[in-house]
Structure formats: C-alpha cells, structure tokens
Asks: 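Structure provided below as structure tokens; questions to follow.
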There are 2 protein chains.
Amino acid sequence: MPKATSTKRKTFRHGDLRNALLAAGLEMARKGGPDAVVLREATRQVGVAPNAAYRHFANQADLLDAVRSACISQLAAAIEAELAAVKAGRDKKLYARRSLMAVGRAYLCFAMREPGMFRTAFSVIPDIHGDNKANTASLGLNPFQLLSMALDRMLDAGLLSKKDRQGAEFLAWSSVHGLALLKLEGPLHAMPVEAIEALGERLVQMVERGISQ
Amino acid sequence: MPKATSTKRKTFRHGDLRNALLAAGLEMARKGGPDAVVLREATRQVGVAPNAAYRHFANQADLLDAVRSACISQLAAAIEAELAAVKAGRDKKLYARRSLMAVGRAYLCFAMREPGMFRTAFSVIPDIHGDNKANTASLGLNPFQLLSMALDRMLDAGLLSKKDRQGAEFLAWSSVHGLALLKLEGPLHAMPVEAIEALGERLVQMVERGISQ
DNA sequence: GGCGTATTGTGAACACTGTCCACATACCGT
DNA sequence: ACGGTATGTGGACAGTGTTCACAATACGCC
C-alpha cells in the first residue's frame with residue numbers, strides 16, 4: 001500500500017527528515033514562539049507520520065532544543081554582522097565603545113525583528129550537559145563570546161580595569177536581555193518599537209558608564 | 001456554610017470555587033512555573049468537575065492571568081517590605097541610594113526564592129486592556145510604582161537630573177529583570193545563587209552610576 | 001411559605017497533543 | 001542475493017482544553 005500520505009513525497013524514505021523537521025520547527029518558532037513548535041504539526045508539514053519524528057529526536061523537548069540552538073545561531077550571526085560593520089580605526093577607545101554598542105544594538109534589533117526566534121532561543125532551561133556546539137554562527141562564536149570580544153576591546157583600550165572586566169559580560173547581557181524580554185513577553189509589550197530602541201541606546205550608554213568602577 | 005474541604009465537599013455548591021481554583025493554581029505556579037498551572041489539575045485538587053472552572057474563568061488563559069496577577073502582588077509585597085526597612089535619615093542621598101538598592105535586591109531575592117512565581121509573573125503577554133487592579137500589595141503599588149518611588153528619591157536627593165529621571169524605571173528594571181531571567185530560564189541556569197547575588201550587587205551599582213549622564 | 005429563575009456544578013463528548021507498541025518497508029554491507 | 005538494520009506507518013493510550021445539554025441548588029418575588 002504505497003499510498004503517498006496526502007503530500008508530496010514519492011520515496012518511502014524521506015532522505016533528510018531530521019533537517020526537514022528542524023526547518024519546520026524553526027519556522028513555527030519564528031512565527032509563534034516556543035509554544036508554537038509542536039511535533040505533530042512539524043511531521044504534518046513534512047508529510048510524514050508523527051512517529052517518524054522519534055527516529056530523529058528523542059521527544060518534542062529534544063526537537064525544541066534543536067530549534068532553540070538554531071535560533072541562537074541566527075542571533076549570533078546577526079550580532080556578528082553588526083560587529084563586522086564597525087572598523088578598527090586609530091582610536092582604540094572609540095573602536096571598543098562602538099563594538100560594545102554594536103553588540104547591544106544587534107541583540108535588541110534581532111529581538112525586535114524576530115521576536116519568535118528570540119523568545120525561543122531563551123525559552124528552554126538549557127540542560128546542564130550543555131553541548132553548545134551548534135550555538136554559533138560563521139565565526140564559530142556564540143552571542144556570549146561575541147559580547148566577550150567587545151568587552152575585551154574595552155579592556156585593551158583602557159576603558160575597563162582588569163577587575164571590572166571580570167564578569168562584565170553578565171552585567172551587560174542582563175541589561176539588554178531584560179529590556180528585550182520586558183518588551184517581548186512582559187509589561188512593556190505595548191510600548192512601540194521606536195521607544196524600545198531609544199531606551200536601548202540609553203541602556204547601552206548606561207552600561208558603558210556604569211560598568212567601570 | 002459550604003465548607004471548602006480539599007477532599008470531598010458536602011454541599012453541591014462549593015461556595016468559594018473561584019478563590020479555591022486560584023489558590024490551587026498559585027500553588028502549582030509556585031512549584032512548577034507557568035506551564036504547571038493546568039486547569040483540570042486545579043479542579044481535581046479542589047474536588048470538582050473540570051467544567052466547573054468555566055463558571056469562574058473564561059478559559060485557562062484567564063485562570064493563568066489571575067494567577068499571574070497574584071504572583072505580581074507577592075513580588076510587590078516583597079519589594080515593599082525591603083523598602084520599608086530602609087529608614088530616611090538625614091542624608092537624603094544615602095537614603096535614595098539605599099532605596100534603589102533595596103528595590104533591586106528585593107526583586108532579585110524574590111526571583112531566587114520563588115522562581116516559579118517569578119517566572120509566572122512575567123510569563124504571559126499581558127493584555128493591552130491592562131487592568132492592573134490586583135497587581136499591588138498592601139501599599140497599593142505594583143513593583144513598577146515602587147521602583148518609581150525609589151527613583152523619585154534619587155531625583156529629590158539631586159542624584160538624578162530631571163532629564164535622566166525620565167524613563168529611568170525601564171533602564172533599572174531591564175537590568176535586574178534580565179539577570180533574574182538569565183538565571184531562572186536562561187544560560188545562567190547553572191550559576192550558583194551566591195554568584196547571582198554578587199552580580200546583582202554589582203548590577204545595581206552599575207545602574208546607579210550609569211543612569212545619570 | 002411556595003415557586004420560578006438565574007447561578008453553579010455534572011457528564012459525556014470532541015479535537016488536539018505527546019508518546020509508545022508492533023509492524024512494514026527500503027537501504028546496505030557481506 | 002540476502003539478511004540485518006535503519007527508517008517510516010498504523011493504531012492505540014493518556015492527558016489537555018473546551019463545548020453542549022442537563023441537573024441541582026440558592027435566591028428573589030409574589
């Protein structure tokens with residue numbers, strides 16, 4: 001009974017089912033956030049029986065985790081692009097400041113542009129056995145490492161003492177992350193994006209000023 | 001006379017079903033976060049048929065929203081208590097600074113002490129028709145308004161210019177909120193609470209320094 | 001007091017989800 | 001060629017939110 005199940009596939013084997021499911025899941029996450037990535041719907045879109053997913057993912061949490069990883073990669077790529085746009089001139093301090101600014105802005109812009117992906121990226125409580133292999137973009141760096149890079153430039157430029165540099169990632173990250181989430185799934189939901197972006201500018205300046213003792 | 005026994009009630013009418021369901025939901029949120037508040041389970045604990053809930057809540061989102069509101073009230077109460085502990089001495093600047101510190105610390109402490117409630121408090125995208133009636137504690141102020149109070153003291157003490165005061169709530173709030181969420185449902189999940197609290201201290205200092213231009 | 005009526009809880013059902021089992025199929029190395 | 005194994009199917013189960021028709025109760029009005 002080789003009745004091709006209602007959709008396109010001709011061969012019994014799909015050939016690339018894992019990736020297809022992941023792509024479907026990613027799209028669902030993109031336009032609906034983490035709660036929208038539902039296993040059965042993914043199989044339906046791909047044109048395959050629900051159980052087929054279990055040959056490639058342990059369960060839906062596993063699928064969601066893969067989607068989440070992809071989302072983080074996209075975020076990393078966005079930051080990387082913005083960071084690449086700032087060129088190292090002769091003024092090291094300016095360079096450093098612009099780098100930090102770029103990371104913060106890219107982070108927020110991504111959150112505004114791709115709310116579903118952003119929320120998905122940080123929706124799941126990550127496993128302790130965190131294998132952050134795939135959380136990277138072309139440079140092979142995840143968002144956290146890109147932020148670290150910018151902060152290192154601040155250290156190099158003498159804008160940050162060695163002591164203040166320690167753990168500075170978390171301070172900067174928290175600020176921007178908080179604003180993004182207050183907008184995306186918090187009480188700032190109704191605030192227009194322009195206002196958020198204006199706040200973002202002030203926020204990054206605040207971090208820059210306040211981060212050094 | 002209808003007694004709300006947790007096991008089996010005598011009367012047909014419950015008498016206080018709405019509150020009972022809300023209490024059950026709040027407890028589930030407390031020990032499992034927003035995803036743990038499930039309508040059927042609440043009715044089961046109260047000893048009532050699932051449909052009975054629909055006489056008091058439009059749907060489970062409505063129930064969850066009520067639970068969320070209760071969580072915010074608890075957060076407000078925690079902040080209020082910490083804020084009440086700082087006394088106004090002769091040094092207005094110290095008073096203001098300690099007030100801001102207290103709000104930030106209370107916010108983070110609550111997040112660490114009651115992760116389920118905290119996550120629930122900010123899990124739902126709030127309705128635009130925000131009726132923030134119940135989001136308050138004894139003072140009748142929600143967390144945002146308490147933060148505003150602390151910032152007003154900064155303004156009074158001359159630690160903040162009028163211009164910098166505008167929208168400063170969002171800057172301070174974002175920072176602390178971000179740290180809390182990075183810990184509770186983000187990549188900082190594995191970081192020990194002591195480290196988070198140490199970061200919190202630094203964070204509030206950063207805000208204090210960076211918030212004024 | 002008695003009775004009609006709106007309020008509140010019940011029972012059965014539906015659609016949907018994740019997940020498991022046994023089975024069928026197609027590919028692959030020997 | 002053929003048997004083993006990876007991969008997909010069908011059918012089932014528990015659990016969820018939700019709706020409909022119905023039953024029991026409390027309350028107001030005469």
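We name chains A, B, ... by the order of the sequence lines, and we start the count at 1 in each one.
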Asks: Between Ala58(A) and Ala52(B), which has a closest nucleotide on DNA chain C that is more 5'?
Replies: Ala52(B)
Asks: Applying side chain to side chain donor-acceptor pair (under 3.5 Å), which residue pairs with at least one partner in residues 193-206 of chain B are found, sequence neighbours left out?
Replies: Arg105(B)-Glu201(B)
Asks: Nearest of dT18(D), dT10(C), dG8(D) to any side-chain atom of Asn59(B)?
Replies: dT18(D)
Asks: Determine: side-chain N/O of His56(B) to OP1/OP2 of dG9(C), distance under 4.0 Å, yes or no.
Replies: yes
Asks: Round to the nearest Å and state the distance from Tyr54(A) atom OH to dT9(D) atom C1'.
Replies: 15 Å
Asks: Over how many whole Å does the gap from Asp16(A) atom CG to dT7(D) atom P extend?
Replies: 12 Å
Asks: With heavy-atom distances below 4.5 Å as the criterion, would you say the side chains of Leu171(A) and Val207(A) are in contact?
Replies: no
Asks: Look at the side chain of Ala49(B) and decide which nucleotide, out of dT7(D), dT10(C), dG9(C), has an atom nearest to it.
Replies: dT10(C)
Asks: Taking C-beta and beyond as the side chain, do Arg18(A) and Phe57(A) meet within less than 4.5 Å on heavy atoms?
Replies: yes
Asks: Would you indicate whether the side-chain heavy atoms of Leu151(B) and Ile211(B) approach each other to under 4.5 Å?
Replies: yes
Asks: I'd like a list of close polar pairs between nucleotides 14-17 of chain C and the protein, N/O only, cut-off under 3.5 Å.
Replies:
{"residue": "dT17(C)", "atom": "OP2", "partner": "Arg44(A)", "partner atom": "NH2", "Å": "2.7"}

Asks: Between Phe57(A) (CZ) and dT19(C) (P), how many Å, whole number?
Replies: 13 Å
Asks: Which whole-number value in Å describes the distance from Arg55(A) CZ to dA26(C) P?
Replies: 15 Å
Asks: How close or far is atom C1' of dT18(D) from atom CG of Leu63(B), stated in whole angstroms?
Replies: 14 Å
Asks: In whole Å, what is the span from the CG atom of Asp35(A) to the P atom of dT16(D)?
Replies: 17 Å
Asks: Can you find a heavy atom in the side chain of Leu182(A) that is under 4.5 Å from one in the side chain of Ile196(A)?
Replies: no
Asks: Among residues at least two apart in sequence or on other chains, which ones pass salt bridge (Lys or Arg N to Asp or Glu O under 4.0 Å) with Glu27(A)?
Replies: Arg30(A), Lys31(A)
Asks: Taking atom C1' of dA6(D) as reference, at what distance in whole Å does atom CZ of Arg18(A) sit?
Replies: 15 Å
Asks: Between Gln74(B) and Leu26(B), is there a side-chain heavy-atom distance shorter than 4.5 Å?
Replies: yes
